[in-house]
Amino acid sequence: MIYKYILLLMLNFLLLGGCNTAPPIPLAPPTEPLTLAEAAPAVEEETVIPAEPLKKVYLTFDDGPNSYYTGQILDILRDYGIKASFAVLGVNIDKNPDVLRRIMDEGHGIINHSYSHDYKRVYSSPEAFLKELERCNESIARVTGSGVKIFRAPGGPSNLNKKTLELLRQHGYISISWNVASADTDPNGVSKEQIVENVKRGILQIESLGKTPIVLMHDGTEINRSGAAPGSALANYIFNRESGVAALPEIIEFLMERNYTFAVVDENTPPAW
Ligand SMILES: [Zn+2]
């Protein structure tokens with residue numbers, strides 16, 4: 001723009017005649033409108049867009065590893081490129097060590113869910129509970145190289161008395177519960193649609209409380225799937241597991257649409273309640 005101004009000055013000088021003794025007419029600086037770039041302040045103001053807080057969700061699958069269902073769940077998680085956590089039983093690890101190895105190799109979380117899940121044994125005393133966790137950790141360590149300190153009490157943490165909690169705390173164990181129940185253990189059988197509905201409703205409730213959802217589902221304990229009489233407990237159990245696997249893609253897509261990040265449980269996982 002300065003050159004244009006000089007050019008105009010020179011033009012003015014020539015037109016008026018360089019030798020004209022009359023005082024030169026003061027030339028107003030050019031008044032063309034400023035372009036947007038010229039109008040901009042020297043230091044651009046930074047526009048700060050507040051980052052949305054990371055919305056985490058924890059998918060958890062209990063009572064495996066299962067030779068039939070866990071693999072199907074892992075396939076779905078892999079297809080969506082997401083992670084989950086598996087609350088495993090020592091008794092099932094000993095039957096299906098390869099399934100636990102796959103859980104670990106694919107980057108999912110591992111939660112200690114006791115050795116036997118047998119309530120009579122697990123809850124017979126604080127020491128018995130601790131022994132169950134230690135025994136499960138021995139099974140985990142045989143496959144992965146080390147045990148885990150995060151545990152989920154069979155049936156939930158309300159089964160733990162003060163004395164047990166204190167003993168577990170002394171041994172560095174961290175309890176993890178859940179706050180969204182898929183209700184996929186309904187003894188009367190539960191459909192895929194009902195599981196999807198249960199989880200969606202639970203997620204919305206937890207969101208309204210401003211909490212991080214921890215979803216409870218089951219890959220299930222090891223069973224003999226053959227010869228289950230229709231309507232029997234075993235038939236309903238199989239039906240529930242199949243409903244859960246069928247429901248999983250819809251649950252994942254619902255969570256993805258709501259911008260959730262699928263996290264793996266660790267010592268920083270916020271308490272369910
Ligand atoms: Zn369980």
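Both ligands and their constituent atoms are indexed starting at 1 by order of listing. On a predicted model such as this, the values are computed, not experimentally measured, just so you know.
Legend: residues meeting salt bridge (charged side-chain N to carboxylate O under 4.0 Å, His left out) with Asp184, ordered by chain and number and at least two apart, are Arg241. Remark: His113 pairs with Asp63, His117 by the side-chain hydrogen bond (donor to acceptor under 3.5 Å, both in side chains) rule, at least two apart or across chains.
Within a radius of less than 2.8 Å around the Zn ion (ligand 1), the protein N, O or S atoms are Asp63 OD1, His113 NE2, His117 NE2.
Taking the six-membered ring for Trp, Phe129 and Phe151 have ring centres closer than 6.0 Å.
Residues in residues 113-132 take part in no salt bridge (Lys or Arg N to Asp or Glu O under 4.0 Å) pair, two or more places apart or across chains.
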Quiz item: Would Leu248 and Phe61 satisfy side chain to side chain contact (heavy atoms under 4.5 Å, CB included), going step by step from the backbone distance to the final call?
Solution: CA-CA 11 Å; Leu248 189 54; Phe61 298 91; 3.9 Å; yes
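Proximity of a side-chain donor or acceptor of Tyr237 to a complementary backbone N or O of Thr221 within less than 3.5 Å is detected.
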